[in-house]
Amino acid sequence: MAMVCLSDFEAYAKKYLPKIAWDYFAAGADDCTTRDENILAYKRIRFQPCMLRDVSVTDIRTKILGTEISFPVGIAPTGFHQLAWPDGEKSTARAARAMNTCYIASTYSTCTLEEISAAAPGGLRWFQLYIHRNRAASQQLVQRAEASGFQGLVLTADLPYTGKRRDDVRNGFCLPPHMKVKNLERAFEGDDWSEYGLPPNSLDPSVTWNDIYWLRSLTRLPIIIKGILTREDAELAVRHGVQGIIVSNHGGRQLDEGPATIDALVEVVEAVRGRVEVYVDGGIRKGSDVLKALALGAKCVFIGRPALWGLAYKGEEGLQDVLRILQDEFRLSMALAGCASVSEIGQHLVQFSKL
Ligand code: FNR
């Protein structure tokens, strides 16, 4: 089977994954309006390409928080990679390192963060944190991440509770018994693990902006906040001293009928005024989507579901294929739009007035 674009991997995953795993990966909240809108919003943006710009040599490298990556696409945190491939997050870490990009490992990984580190020493990795009611357990996670070489801490802000994903409810989704949310195993020993194979009511819905100061006191790692969608929250994030913002609606899995992330990006970038780096995830399915996001001010984008499709196809190799296809498509779009390097990408490339 020739894999030409990311939809080919999606079709493969849908065909070969067990239905319960496919449904969990694909799920959006409620009517899935925002999940689908993330993709549709990219299709509404038109380019204004520049011609005759000497694109004989193209440089698609960039830096995030000072570290160089081979192109501006990283891997968003997603849970339970063993549902896609037996080696789980270890394969993800190896693929990210091989492609020289950033992998954000989820709290809800099926490998421990130490196993993830050991699988791909030296790779650029950030750790994504959900704050649990058991604050000591959260603190331990942060400290383990720092000790095992993770270079950034991503606080996910949009999940005080899990959104209502109908197919997961219908399927009674939970992890098969041989898979574990290994990062949390020690923290919740003895508790009755129900929902998704997680301890019940373990997330802390009382988290506020002040908890950023708490995190700051626990770690020297840069803090990146994920799940921001408005100028007001972007301003609060900057004021609370974060180093980066990921504009995200959790792939449309939380509050349905919020904005598409590419639409929200514009107002967040405007509010931030270059004070911290802004990234975006949700609905990136081809290289030209990456170009649009960068033109609208994102420093880098992250992919969620497409990475899972790559894993489902062929583990580490499949994920590398997904990244390589996106990389080639991005290089081509950039050149066709008249840019020889990432630094030449700007708002002039899109019909901004129509947004
Ligand atoms: C997610 N997402 C997510 N986010 C997070 O901060 N921690 C997590 O554990 C998870 N888990 C997770 C599982 C699955 C199956 C999906 C699809 C998503 C959200 C993820 O980081 C990202 O915001 C979206 O996936 C981006 O949208 P696309 O690229 O999937 O369209």
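Comment: Asp256 does not engage Lys164 in a salt bridge, judged by the lack of any side-chain N to carboxylate O separation of less than 4.0 angstrom. Between Glu235 and Arg239 there is a salt bridge, with a side-chain nitrogen of the basic residue lying less than 4.0 Å from a carboxylate oxygen of the acidic one. Look at Glu344 and Arg53 and you find no salt bridge, because none of the NZ, NE, NH1 or NH2 atoms lies under 4.0 Å from a carboxylate O. Taking the charged nitrogens against the carboxylate oxygens, Arg94 and Glu89 have no contact shorter than 4.0 Å, which rules out a salt bridge. Salt bridge Asp328/Arg331: absent, no basic N to carboxylate O contact under 4.0 Å. With respect to the salt-bridge test (charged N to carboxylate O, under 4.0 angstrom), the residues Asp30 and Arg165 do not qualify.
Residues Tyr16 and Trp85 keep their aromatic ring centres 6.0 Å or farther apart.
Within the 4.5 Å cutoff, the side chain of Leu265 has heavy atoms near those of the Val278 side chain.
Of all non-hydrogen atoms in Ser109 and Ile116, the two that sit nearest each other are OG-CD1, 3.9 Å. Counting all heavy atoms, side chain and backbone alike, Pro222 lies closest to Gln243 at CA-OE1, 3.5 Å.
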Pair up each side-chain donor or acceptor in residues 307-322 with any protein partner under 3.5 Å, not counting sequence neighbours, and list the distances.
residue: Gln320; atom: OE1; partner: Arg324; partner atom: NH2; Å: 3.1
residue: Asp321; atom: OD1; partner: Arg324; partner atom: NH1; Å: 3.4

Residues 283-298 side chain polar contacts: donor-acceptor under 3.5 Å, at least two apart:
residue: Asp289; atom: OD2; partner: Arg285; partner atom: N; Å: 2.9
residue: Asp289; atom: OD2; partner: Lys286; partner atom: N; Å: 3.1
residue: Lys292; atom: NZ; partner: Tyr42; partner atom: O; Å: 2.8
residue: Lys292; atom: NZ; partner: Ile45; partner atom: O; Å: 2.9

Residues Trp126, Tyr279; criterion ring-ring contact (aromatic ring centres under 6.0 Å, His included); working and verdict: CA-CA 14 Å; Trp126 294 348; Tyr279 320 106; 5.8 Å; yes

side-chain hydrogen bond (donor to acceptor under 3.5 Å, both in side chains) between Asp54 and Ser56, worked out: CA-CA 6 Å; Asp54 185 359; Ser56 53; 2.6 Å; yes

Candidate pair Glu114 and Ser148, rule side-chain hydrogen bond (donor to acceptor under 3.5 Å, both in side chains), full reasoning: CA-CA 6 Å; Glu114 290 81 6; Ser148 48; 4.8 Å; no

Derivation and outcome, salt bridge (charged side-chain N to carboxylate O under 4.0 Å, His left out), residues Arg61 and Glu68: CA-CA 7 Å; Arg61 291 170 302 166; Glu68 185 177 296; 3.7 Å; yes

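The only option from Arg133, Arg135, His132 that meets the side chain to side chain donor-acceptor pair (under 3.5 Å) definition with Asp204 turns out to be Arg135. Of the options His250, Lys226, Gln254, a side chain to side chain donor-acceptor pair (under 3.5 Å) to Asp158 is made by His250 and by none of the others.
Side chain of Arg305 to main chain of Phe25: a donor-acceptor pair is present (N/O by atom type, distance under 3.5 Å, no hydrogens or angles). A donor-acceptor pair is defined here as one N or O able to donate and one able to accept, closer than 3.5 Å; no such pair exists between the side chain of Asp263 and the backbone of Pro259.
Partners of Tyr213 according to the ring pair (Phe, Tyr, Trp, His ring centres under 6.0 Å) rule, which considers only residues two or more places apart in sequence or in another chain, are His240.
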